[in-house]
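One structure is given here, and the rest of the page talks about it.
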Amino acid sequence: MAPPKKSKKNKKASKKLNKKHKNKTKSVTAVPIDPNAVDSDWWDNFWRKNSSSTVPSNEEEAFKYFFRVSMKTFEYICSLVREDLISRPPSGLINIEGRLLSVEKQVAIALRRLASGESQVSVGAAFGVGQSTVSQVTWRFIEALEGRAKHHLKWPDSDRLEDIKSKFEILFGLPNCCGAIDATHIIMTLPAVETSDDWCDQESNYSMFLQGIVDHEMRFLDIVTGWPGGMTVSRLLKCSGFFKRCENGERLNGNVRKICEGVEIREYIVGGMEYPLLPWLITPEESDEQRYDVMSSFNSVHDAARSLAVKSFLQLKGSWRILNKVMWRPDKRKLPSIILVCCLLHNIIIDNGDELHPDVALPGHHDSGYGEQSCKQVDPLGTTLRENLAKFLQHNKDS
């Protein structure tokens with residue numbers, strides 16, 4: 001996140017300060033021999049300094065309160081990025097006492113910035129470092145985790161996909177369902193020279209889209225971001241690599257499920273009315289009246305399954321509040337990396353067995369204030385699949 005522009009006077013002072021730091025650290029090794037030269041007791045100092053009536057008294061819970069992850073998962077994250085964070089010269093990465101920031105403290109600063117969404121100045125004050133240090137540390141962490149944690153967000157292999165389909169059928173009765181899809185806006189302010197109708201969305205906010213497909217545990221299986229919020233959700237889908245792979249038969253093309261003689265159910269995902277009805281993307285039937293028939297029952301089941309994606313975004317934006325606050329003039333080239341890393345952290349929490357705390361999730365809807373758009377595109381094969389699913393659910397209900 002780009003901070004407010006500095007004056008020329010401040011820029012000159014910053015250059016002098018950086019030059020001074022470079023001269024000071026020429027003789028400093030990446031791993032100081034003197035352990036007292038490293039800020040290794042950062043957690044005790046941070047907890048003591050930032051403890052309040054709202055912070056849990058239990059140490060483990062207090063740690064999760066500040067950083068969203070358990071101490072065990074925190075250590076795992078540090079292990080992922082350690083090599084990258086110590087491979088660069090530590091110039092400037094010192095606290096007010098002149099001690100070098102440990103890898104752990106660097107990770108903690110970055111996680112706190114992402115989790116709280118507070119300004120760099122506020123986060124820096126909580127850790128005893130300057131605004132520029134928070135900025136540098138956070139971006140170093142984002143670059144490192146983006147490169148080292150990609151295995152936590154990938155489309156599942158065939159065995160894993162079979163497990164996901166089994167869980168969706170157990171939970172909702174939907175056979176061969178591979179996930180739920182939804183999209184959300186990341187709101188930002190932009191300088192006048194960068195504003196355009198593309199980035200201005202339906203609620204007159206400047207925003208960037210994030211689309212995600214999740215499994216039964218609310219784990220992200222696929223995301224696409226970086227596209228302007230002024231697009232429609234259906235257009236966003238068609239710009240995604242996932243759409244192209246599905247249309248080319250590279251995804252959602254696994255084992256079909258035979259439900260009765262002559263009727264087969266292919267792999268698919270579920271999405272809201274803002275998405276097109278496709279052979280592999282099933283949306284609810286739109287009706288102007290409340291109907292108590294087969295399709296109405298299907299819509300209820302469909303909505304329950306689709307809510308997993310809604311809940312995932314509520315959890316994501318609630319845990320990593322930087323995504324839910326209006327970002328001040330972010331670099332649009334860097335913002336997708338920030339969004340991706342927050343999704344990676346969300347998945348790491350699940351993969352490491354940490355509990356997703358519902359108390360940090362956003363209330364209501366993850367796109368508060370945005371009305372649901374309706375896409376009129378209907379593929380006949382999608383209609384047939386939806387009808388077959390509705391009949392299957394009704395048959396199981398009656399039997």
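Index from 1, following the sequence. Note that the structure is a prediction, hence the values are computed from the model and not measured. Below, all heavy atoms of this structure are taken into account, side chains as well, without hydrogens, waters or symmetry copies.
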Subject >> Candidate pair S234 and Y275, rule side-chain contact (heavy atoms from CB on, under 4.5 Å), full reasoning >> reply: CA-CA 5 Å; S234 59; Y275 284 99; 5.8 Å; no
Subject >> Ring centers of F242, W155 separated by less than 6.0 Å >> reply: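 Under 6.0 Å, so yes.
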Original post:
Which atoms form the tightest heavy-atom contact between F209 and T225, and what is the distance?
Top reply: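 F209 and T225 have their closest heavy atoms at O-OG1, 2.7 Å.
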Is it true that [X] and [Y] fall in one hydrophobic cluster, defined by side-chain heavy atoms closer than 4.5 Å?
{"X": "F63", "Y": "V360", "value": "no"}
{"X": "V256", "Y": "Y268", "value": "no"}
{"X": "L114", "Y": "F66", "value": "yes"}
{"X": "V326", "Y": "L362", "value": "no"}
{"X": "V310", "Y": "I223", "value": "no"}

Flag side-chain contact, heavy atom, 4.5 Å: [X] against [Y]:
{"X": "V55", "Y": "S52", "result": "yes"}
{"X": "R148", "Y": "R82", "result": "no"}
{"X": "C178", "Y": "K165", "result": "yes"}
{"X": "P175", "Y": "F392", "result": "yes"}
{"X": "P228", "Y": "M208", "result": "no"}
{"X": "I322", "Y": "C342", "result": "yes"}
{"X": "E267", "Y": "W280", "result": "no"}
{"X": "L277", "Y": "K376", "result": "no"}

Would one find more than 12 heavy atoms of other residues, nucleotides or ligands at under 6.0 Å from atom [atom1] of [X]?
{"X": "K244", "atom1": "NZ", "value": "yes"}
{"X": "R160", "atom1": "CZ", "value": "yes"}
{"X": "W227", "atom1": "CH2", "value": "no"}
{"X": "K49", "atom1": "NZ", "value": "yes"}
{"X": "H395", "atom1": "NE2", "value": "no"}
{"X": "K64", "atom1": "NZ", "value": "yes"}

Return yes if some donor-acceptor pair links the side-chain N/O of [X] with the main-chain N/O of [Y] below 3.5 Å, else return no.
{"X": "T232", "Y": "R235", "value": "yes"}
{"X": "R306", "Y": "V270", "value": "no"}
{"X": "D354", "Y": "I350", "value": "no"}
{"X": "S51", "Y": "R48", "value": "no"}
{"X": "R321", "Y": "G318", "value": "yes"}
{"X": "N205", "Y": "D201", "value": "no"}
{"X": "T73", "Y": "V69", "value": "no"}
{"X": "N176", "Y": "N255", "value": "yes"}
{"X": "E60", "Y": "M71", "value": "yes"}
{"X": "R386", "Y": "T283", "value": "yes"}

**OP:** To the nearest 0.5 Å, tell me how far Y65 OH sits from N58 CG.
**Re:**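 Rounded to the nearest 0.5 Å, the OH-CG separation comes out at 14.5 Å.
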**OP:** For the pair S122 and S119, evaluate side chain to side chain donor-acceptor pair (under 3.5 Å) and give the outcome as yes or no after the intermediate values.
**Re:** CA-CA 5 Å; S122 296; S119 69; 3.1 Å; yes
Original post:
Is it true that the NZ or CZ of K105 lies under 6.0 Å from the centre of W43's six-membered ring and within 45 degrees of the ring axis?
Top reply: no
Original post:
Would D163 and H216 satisfy side chain to side chain donor-acceptor pair (under 3.5 Å), going step by step from the backbone distance to the final call?
Top reply: CA-CA 10 Å; D163 181 58; H216 59 287; 4.5 Å; no
**OP:** Show the numbers, then the answer: is there a side-chain contact (heavy atoms from CB on, under 4.5 Å) between L308 and E217?
**Re:** CA-CA 8 Å; L308 286 175; E217 294 182 299; over 6 Å; no
**OP:** Check the pair L356, H346 against side-chain contact (heavy atoms from CB on, under 4.5 Å), reporting the backbone distance first and the verdict last.
**Re:** CA-CA 8 Å; L356 287 173; H346 174 95; 4.2 Å; yes
Original post:
Does one side chain, of E274 or S374, offer a donor that lies under 3.5 Å from an acceptor on the other?
Top reply: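 Side chains of E274 and S374: no pair found under 3.5 Å.
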Subject >> Of Y370, F313, W199, the residue whose pairing with H185 passes ring-ring contact (aromatic ring centres under 6.0 Å, His included) >> reply: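 That would be Y370.
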Original post:
Under the salt bridge (Lys or Arg N to Asp or Glu O under 4.0 Å) criterion, do D222 and R251 qualify, and how do the steps go?
Top reply: CA-CA 12 Å; D222 183 279; R251 280 195 182 165; 2.9 Å; yes
**OP:** Going by the side-chain contact (heavy atoms from CB on, under 4.5 Å) test, name the single residue among R113, E143, Q106 that passes it with T138.
**Re:** R113
**OP:** Indicate the ring-plane relationship of F67 and W42, choosing parallel, tilted or perpendicular according to the 30° and 60° boundaries.
**Re:** perpendicular
**OP:** Take the angle between the ring planes of Y76 and H152 and call it parallel below 30°, perpendicular above 60°, tilted in between.
**Re:**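 Judged by the thresholds at 30° and 60°, the geometry between Y76 and H152 is perpendicular.
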